[in-house]
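Below, read A as the first sequence line, B as the second, and so on, with proteins coming before strands; counting in each chain starts at 1. Side chains are part of it too, since the values below use all heavy atoms of this structure and drop only hydrogens, waters and symmetry mates.
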2 protein chains.
Amino acid sequence: MLKRTRDIQKALSESGYRITQPRQAVIEVILRARRSLSPEEILARARKIDPGVGLATVYRTLDVLHAEGYLERVRIGNKGYTLTCTEKTLHFHLICERCRTVTELQSDRFSRDLMAQLRAAGFEARKHAIEIIGRCAKCQPSE
Amino acid sequence: MLKRTRDIQKALSESGYRITQPRQAVIEVILRARRSLSPEEILARARKIDPGVGLATVYRTLDVLHAEGYLERVRIGNKGYTLTCTEKTLHFHLICERCRTVTELQSDRFSRDLMAQLRAAGFEARKHAIEIIGRCAKCQPSE
DNA sequence: GGTTTATTGAGAACGATTCTCACCAAGGCC
DNA sequence: GGCCTTGGTGAGAATCGTTCTCAATAAACC
């Protein structure tokens with residue numbers, strides 16, 4: 001089991017959530033994944049750990065993780081994919097439309113610039129989603 | 001009829017699309033709207049112009065406009081809203097979760113900064129969606 | 001171990017979007 | 001101008017992702 005899994009479980013427990021087998025399975029699947037996964041994909045993988053897991057539980061666990069700030073949801077077209085993210089600061093996602101890998105980038109300058117603009121507009125930001133969709137370095141159209 | 005409506009129709013026609021009554025109605029509704037509209041809302045308004053319009057046609061017209069680069073789709077939660085946007089340069093949307101008004105911002109500095117980072121990461125951007133969700137100046141929680 | 005109560009899985013329900021198909025009308029051609 | 005081809009159409013069925021319902025289960029605290 002990954003170390004992060006324990007940490008998250010401990011935090012959830014302290015927030016009053018019960019640590020159940022299905023939840024453990026889902027959390028571990030998400031942390032292990034090297035790219036963002038759709039709920040269906042999470043389900044398939046979680047069932048290898050705990051065969052009884054249901055789709056509803058995957059969604060519920062995603063909700064819990066989201067509510068606790070451990071996860072963000074990113075969409076590609078009409079399909080929803082999930083990815084781990086514990087960063088609270090401004091960041092953006094580079095989503096490769098071919099391999100679906102999601103790379104996270106941050107920039108302090110970028111962040112300051114954006115915050116200044118928001119203030120100027122009188123806009124109070126609650127959350128953000130900065131998604132750049134295209135091809136990652138590995139998936140460039142050959143030639 | 002707005003001038004932009006004519007321009008878009010001309011362009012669509014040159015791209016091989018037929019200019020039909022339902023399409024005209026949908027395009028006009030979107031251009032007239034002061035905030036982003038859901039497909040259902042577009043349908044309701046389009047029917048005031050052409051009562052026979054169907055929901056499927058709204059979706060199909062949105063697809064056409066999207067394919068031709070006249071429109072972007074922005075999502076708030078699981079609900080999908082559409083908004084006009086012909087700008088090709090980097091820009092971001094401030095979405096008010098209360099009144100749903102979408103404000104568009106641009107920044108050259110912001111743009112340059114982001115482009116530089118993308119180049120550094122070897123990422124080839126095809127499209128982007130920068131969405132800041134929160135409260136606009138008019139909808140700040142009172143007090 | 002017993003009790004409480006949040007959590008669960010299965011499947012129904014839901015809402016948004018897409019598809020199907022017979023009919024229609026835009027636009028090119030004569 | 002009228003005719004023909006074919007892309008576009010509306011209605012409703014189908015599909016997809018997500019959420020809900022509810023009886024059964026199992027954490028967590030004693």
Chi angles and distances behind the side chain to side chain contact (heavy atoms under 4.5 Å, CB included) call for B:T103, A:F123: CA-CA 10 Å; B:T103 310; A:F123 195 89; 5.7 Å; no
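Comparing A:R47 and B:E40 by the nucleotide of DNA chain C that holds the closest heavy atom to each, the one mapping nearer the 5' end is A:R47.
The separation between B:Y59 atom OH and D:dC16 atom C1' is 12 Å, rounded to whole Å. C:dT17 atom P lies 8 Å from atom CG of B:L55, rounded to whole Å. The separation between A:D50 atom CG and C:dT7 atom P is 16 Å, rounded to whole Å. Atom CG of A:L65 and atom P of C:dT7 are 12 Å apart (whole Å). To the nearest angstrom, P of C:dT20 lies 12 Å from CZ of B:R60. A:L62 has its CG atom 14 Å from the P atom of D:dG17, to the nearest Å. Atom CG of B:L12 is separated from atom P of D:dG8 by 10 Å (rounded to the nearest Å).
Between A:A46 and A:A25 the shortest heavy-atom distance is O-CB, 4.0 Å. Contact between B:L55 and B:P39 at its shortest, heavy atoms only, is CD1-O, 4.2 Å.
A:L37 is not listed as a side-chain neighbour of A:I30, based on a closest heavy-atom distance of 4.5 Å or more. In this structure the side chain of B:V26 never reaches within 4.5 angstrom of the side chain of B:D50, judged on heavy atoms. A 4.5 Å side-chain heavy-atom check between A:K10 and A:E14 finds at least one atom pair inside the cut-off.
For A:P39, whose side chain is taken as the heavy atoms from C-beta onward, the closest listed nucleotide among C:dA10, D:dT18, D:dG8 is D:dT18.
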Per-nucleotide protein contact string for nucleotides 23-30 of chain D, where B marks a base within reach and S marks sugar-phosphate only (heavy atoms under 4.0 Å, - for neither): ---BBS--
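Remark: B:R23 is in phosphate contact with D:dG8, judged by side-chain N or O atoms under 4.0 Å from OP1 or OP2.
Contact annotation for A:G52: backbone-only contact, meaning every heavy-atom pair under 4.0 Å involves sugar-phosphate atoms and none involves a base.
Among B:T61, B:I49, B:V58, the single residue meeting the side-chain contact (heavy atoms from CB on, under 4.5 Å) criterion with B:V29 is B:I49.
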